[in-house]
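Per chain, numbering begins at 1; letters A, B, ... match sequence-line order.
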Amino acid sequence: MIAVLLILIPLLAGLISFFLKSERAARSWALFSSLAALAVAIIAVTANGNESNLAFRADWMGALNSSFSIRMDGLGKLLCLLNAVAFPIIFLGTWHTQYTKAANFFGLMLLTQAGMMGVFLAMDALLFYFFWELALIPAYFLCSQWGGPKRIQVTFKFFIYTFIGSLLMLVGLLYIYYHTPDRSFDIKSFYAIQHHITGNEQTWLFWLLFVAFAIKMPIFPFHTWQPDTYEQAPTSTTMVLSGVMVKMGVFGLLRWLIPVLPAASWAWGDTVSWMAVIGMLYASLIAIRQDDLKRLVAYSSIAHIGLMCVTVFSVNEIGMQGVIIQMFNHGVNIIGLWIVVELIERQFGTRKISELGGIAQKAPAMAILFVVIALANIALPLTNAFVGEFLMFTGIFNSAVTKYNVWFTVLAGLCIILAAVYTLNMIRKVFYGNTVERTANAIDIGLMEKLALGIIVVLIFWIGIYSQPFFAISDTVSADITNSILNKQEVLPVIKK
Amino acid sequence: MLTQRGKLVDRKPLSAWENLYLPGIIKGMFITLSHFFKKKATIKFPEEKRTFSKVFRGVQILNRDEEGRERCTACGLCAVACPAEAITMEGAERQPGEEHLYREEKYAAKYEINMLRCIFCGYCEEACPKDAIYLSQTFAQANYHRKGFIYKKEDLLIPNPKEDPEAYQRAVGERAGGK
Amino acid sequence: MYLLAIDGYFILEKFLLVGLIITLSMVVAMYATYAERKVAAFLQDRIGPNRAGPFGLLQPLADGGKLFFKEEIIPLASSKALFILGPLLAMITALMTSAVIPWSRPLYIFDREVSLQIADINIGILYIFGVVSLGVYGIMIGGWASNNKFSLLAAIRGASQMISYELAMGLSLIALLMLTGSLQMSVIVENQQGGRLGGLLSWHVFYQPLGFFIFFICALAECNRTPFDLPEAENELNFGYHQEYSSMKLGFYLFAEYINMFISGVVMSTLFFGGYDIPFVNEATWNIHPNWLAILGFMMLLTKAFFFVFVFMWIRWTIPRFRYDQLMILGWKKLIPLALINMVVTALVILIWKK
Amino acid sequence: MNALLLSAILGVMMMFSSVLISQKSAARTIAIAGMLLLLIANIMDMQGIHFFRINTEGMMHFDRFALLFNSIAIFSILLYFILSSKDMEKVGGYYSEYFSLIFFILCGIILVTSFKSLLILFLGIEIISIPLYILTGAEKKNLRSNEASLKYFLLGAFSTGLMLMGIALIYGATATFNTTQLTVSEKPGVLMITGMILLLFSMSFKVSAAPFHFWTPDVYDGAPTVFTAFMATIVKVGVFIGFIRLFDESFGMLKPQWQIWVALITAATLFIGNITAVFQQSVKRMLAYSSIAQAGFMLLAVYAMNSEAKEGLLLYSAAYCLATIGIFSVLIKMTDYTFDAFNGLAKKEPIVAATLAIFLLSLAGIPLTVGFMAKFYMLEAAIATGKHLWLVIFAVLMAAVSVYYYFRVIQAMYFKDGQPNPMQISPSFKWTLVVLAGLIVLLGIFPNLLLNWFYF
Amino acid sequence: MSITQILFWFLSVLALFSALMVVTSKNPVHSVLWLILTFFSISGHYILLNAQFLAVVNVIVYAGAIMVLFLFVIMLMNLNKSVEPQKNRWIKIAGGIAGGCLLLVLVAALRNSEIRQQVVQVKEGEIGLIRNLGRELFTTYVVPFEISSILFLSAMVGAVVIGKKD
Amino acid sequence: MPVNYYIFLSIALFCIGIVGVLTRRNAIIIFMCIELMFNAVNLLLVAFSKMHHKAAIDAGSVATNVGSDGQIFVFFIMVVAAAEVSVGLAIIVMMYRNVHSVDVNFLNRLKH
């Protein structure tokens, strides 16, 4: 029942929000309901052992053998938690941002949250697809209505990309559905599919599904929507997109791709990894040359996600562990970055690095918090990202399924260095040095923003120093996923030439 | 209503029965049918002729006296009287030895009536002091050319009672008694 | 029953019959022109043509001679082939109708039964309709080919009039067909033989007076007779669709009209008035050679037909011409509903009767 | 049978009502009430209550599939009447005649959905077509309407000619017109195949499948918008039902022979419909091309021809009709049909814009709307055949393309500023739209509501 | 060659020739007249097949009603001049070739049809008679027959809607 | 008469009709060509009907009605054609009233 609540709270709250009149009421309602969701999420995560509360199943479309089936496993728990944590932070961090038609804005935000919750919880392929799209539509409206000047075209590109991806995924899911022995959309039937289809079909299906997830993450050739969208979207939506929504892609790989089509994943892992690595390098190099804060953060996000993707396809238990924890970390960190970017933009009216400087003199609190978060983003030890990335590198390096593991490690490591370059460069230019005309009268951040960033910083250090509870949430999952490939050796030679 | 013969037309709307028109049509049919059996008014003209009234004005004729002499003296009164200006004439003096031809010293050497113009009003007859011209009961002349309708004296002159009394009588017709 | 069951005598016989009937139609048409003038004269208290021959009986020949020797003018701007085709079609369609009419009882020549019907097909009435519906073409093509506005207008008028009235005509006959249960002309005539008053009471006109009435009006319209002679309304359209025609081509049109009149008279007699049935007497009991009986019947049919021809002429000199809209209103809004009602009532009566 | 006869009677009634009733609202009320009556009658038919017992000699068969579709069609027309019938007044002076023609078309649809004899199919298609030619040309002074009508007529008659040739050849091969007796052997003769291909062509023509679609945009664009709404939705879907019945019952055994052809036609239709729609400047014309595109999706059902396909086609027809009728009902109210005309609609008419957005989302096949479930069933059916997976992938790619042009309207309404044309929108109109949108979402979440009625 | 065969060939050649003339005539009126001739030759074929009813109905409906309407409209529009300029000769040639190809394909396909050996009954057989067809029409086919009345009603309404001048 | 002859005759007529539809530009003539197509179908149907009838007789059934459905179908085609013509010509006339042409090449107002 708790799992249902997680979806239901934001869904209903979102719908109600549409009918609220004043902006303040809507804002408060959104914060309140997101906090409520957070509370439920925390209860769910901490309720270890009592799994029955975390699953729910109801008949939905009997004719199709699809049911409303949700369950919270380790992976889901962590991501739900991320989802639940992210929204209060976002609302707090952008407490002072003004929106026209705020009721609609917050309503759509909450609907997005509901959709993403559903994605993380669904145990039925059709239901998963439903929520996948449900998360997308409100995001589309958010970006198109409240975004920057080029929002319409850019958001549309984003939408079309993701929609094509999800439709291809639908075809893949349907195909799998047709070949499940019991004609069911249930995830268990899906996990059993590999015995019923040929290797060739697996290849097809792998790419159908992978494209959807790759677009969402995004992976190198499918990433072109991302920087534009992040730039044009209203920052709070960007936070949702980059903090939580991209995790849907990685999540999809972990839950719906690798265990379902292990042979193809194994066979095509190298290809995908290469794509991801190229994407990482490419994004990092571009990020160095970026002048726009938002685009910079956006490209850095591509690099980080690429790393996760490589790790996922290296199929290594330690790596998986790292990916899972890093999903959470990255979500938290990047939201923090966005909050600061948003604050800067709101205060100074620009996002150009070249037009800023010396903010630290006037706004020390912001500077400190931001620097912490930025360092976390480049995975300095003691920060949360270090834990995740360390595990991931270990995983890649030790990967048994690829012979390029050294290459991947080296190239990915290079990206981390590049990340340090551009992040520190940005910090130096924006926060230190002399003030410029725009930043001469800068004022420090308010309570709400401090609160939001403070929570993030706390989380950064908590996980960075004592990450055991978070590993505990998801420890069995990584092994399951890894084993789903590694134990299926008998199907592998089918594809591998 | 001047003539008292006008009849007010009844403009009241037709009754349903009348609106069918059929009775009216049938009535009409029988009216025409009744005519089918009526005596025909046609006169088969050349064979039969209608009897004319006494004052019928036909084609002019130039008269002769009992002795067959032309009566016309070319006085021109008829030409003057003619409203249609259809009559032309030229007078000439009677030469000795022509007395059996012309009654007076003067006679019409040329006498023409353009029958295309003549309106058969009879003024010439009225005007003639010598009873030389009168309108006969002949009608319906025919000719192939317009020229032929300009009647010369030869065409107009009545047959000579001496030489052809029968024809003369026929030409005089009922008028004989009157004049 | 098969249309193409042919042997040599059959062909000969039919050829003769066709020739005979065409000749008859021609002669009748010729004298119909004479009759028309005569009737017109009588109705107008005149005596009509009386110069050519006794009582003017040679008048049609004189007219024909005149038409033959008149100069043949084909307008320059006309479409020549169609200009010639027009009167031809009019004539052909007029003559074709007679093919299914049972002119009389069969003759017996050299022990061979010779039917006096060119083709006894089982869809005789439909055939008549088919041919009648073609009659429009003569008018239309002629009027159009003349390349003259008046002719064209008349042709269009004629066509629409004929099409409109054909409907009511067909509907009026359906009730009759319900009675007879056959479309075969010979069967329809047989149906009307015998019975009281020498077969008089079995004439269909007594069962279908309304049907006959409608049929009669439509026949008038189909023949372009007054009051439906709009296609050739002299004072509106000069002379109608055959305005540009002269000589024998005009003659064909005029002939066709009179043949149509005659044939429609024959059709009406056949369908409604017992065909070759002689009323008041039961000729079947007469003890004379059947050939005589056939000839008598034939005469009877001609008499009836001539009577209708007379009625046509009679109407012509009684009733003024319709206006165009009146014509259409009469056809579509009066006759067709009437014919439908007639049909439904007949059907009901038959239904009740049969029960 | 209930609906067929009642619909004919109602058509005649509407015909006479033009003479007897001068008030337009009265005619409208009669029409709507009549449609309601038809709906009830048809549902009663489904429940086994038949008003008329007529022996059709096996030429028609009112199975649940046909009856359920008829219910959908009647319901859609009812909605259409409620939403748009007032706008028919603008077309021309023959208000009740339009209603009567629509009733007659409904007769045709009922025939086409329930035929068992090719004769009935032919008659049904003609009864659909002839009134449609008229409705297309109803705006007599409008040259575009005239032109559309003439074009539609000539091409429609031409395709009827092809169809008849097909029927004749099939008759030559089998000596029967009864669809269930047509194919008895798996190995058909040349006559049969040729006839079937001709039938396939002509049916593709009627449902505007490429490459026989070229009349569609012109006709839909030229026709008075009210009637475009009708013929692009209910009529088209009705013919589809006929299509699927024909190829299921008559040529089901010959599936290997025609399946690849249908697949090619489907692909071409999807491609042309979607790609061309992208470049349109007028929403009306875009909807015309979108109808071709949607036809492509429905063709997947013909291609797949299994029980999922038939089920899905019903759902698709409902989805497509409801959404398109809704969009058209708003479009009719506008004076300008360009995309820009929708600018800023969301500010001025938030409810209308919101419902319109739902309709468009449904057409685009976004989850939570019935449009998604419809597309889902189609894809499912196509995948279930297990062959030609490329077709399915192509279809979803094209579906993604379709998002482009549907969302252009949404963008215009929500994200662009502008002064939309003044519209006269009554509250009842709005509420009907809301109900319609609710229905679309409801069916999108619980498609079983509709499909539970469906079993063979 | 029997008389039937002679008739068959004569009517076929007539039908084809006049059909070709329909397509090639410049003047629409001539086209109409050739089409009428085609219909007549087809009616002749019906008689040959002893389908008397259809033969006559063909004449009445097609030649007597439909073509009159065509002629009527053409005359009303005064289309006697050929109003088709010879601009798109290539389209015409393409159309001709397309049609010819279709003909070739169909003939080639149907040449080997399974019923090639079968024979059509000419001159005899009762089914084409009105008695038979009528009985069929009003028993088995009574439902379609009644349904076709809907067609006519709609055509009637349509003629009013479209045709009436307002 | 072998049925092939009839098939070829009908197909030839049908194709002539199609060629007419494709090549001519006068709407009325196009329409006439469509009627020609209908007639070709009619002829074919009658021929088939007689063929099936003969086949049934040869197979032994005496007073069979096999084949009459083909002729009935022809009857219906004629019925439909009549209705279609009335509507079609009305449309053409309506068009002509507005455009004063029946050339289908003028039908390009909707192409933009």
**Report entry** Region of B:I26 in contact with chain C, defined by heavy-atom distances below 4.5 Å
**Finding:** neither
Between chain C and chain B, which donor-acceptor atom pairs come closer than 3.5 Å, counting both backbone and side-chain atoms?
residue	atom	partner	partner atom	Å
B:M29	O	C:W314	NE1	2.8
B:T32	OG1	C:W314	NE1	3.1
B:T32	OG1	C:T318	OG1	2.8
B:H35	ND1	C:D45	OD1	3.2
B:H35	ND1	C:D45	OD2	2.9
B:K40	NZ	C:F42	O	3.2
B:A41	N	C:D45	O	3.1
B:T42	OG1	C:I47	N	3.3
B:E47	OE1	C:R51	NH2	3.0
B:E47	OE2	C:R51	NH1	3.0

Report task. Kindly state each residue pair satisfying ring-ring contact (aromatic ring centres under 6.0 Å, His included) with at least one member in residues 70-91 of chain B, sequence neighbours excluded. Result -> none
Query raised in the report: Is it the case that more than 12 heavy atoms not belonging to B:F36 sit under 6.0 Å from its CZ atom?
Result: yes
Report task. Please check if atom CD in B:E85 has more than 12 non-hydrogen atoms from other residues, nucleotides or ligands closer than 6.0 Å. Result -> no
Requested in this report: Return the set of residues passing side chain to side chain donor-acceptor pair (under 3.5 Å) with B:Q95 (not counting sequence neighbours), or none when no residue passes.
Outcome: none
List the atom pairs, with distances to 0.1 Å, where a side-chain N or O of residues 147-158 of chain B and a protein N or O form a donor-acceptor pair under 3.5 Å, not counting sequence neighbours.
residue	atom	partner	partner atom	Å
B:K153	NZ	B:E70	OE1	3.2
B:K153	NZ	B:A108	O	2.5
B:D155	OD2	B:K152	N	2.8

Query - Gap separating the CD1 atom of B:I31 from the CG atom of C:L43, nearest 0.5 angstrom - result: 12.0 Å
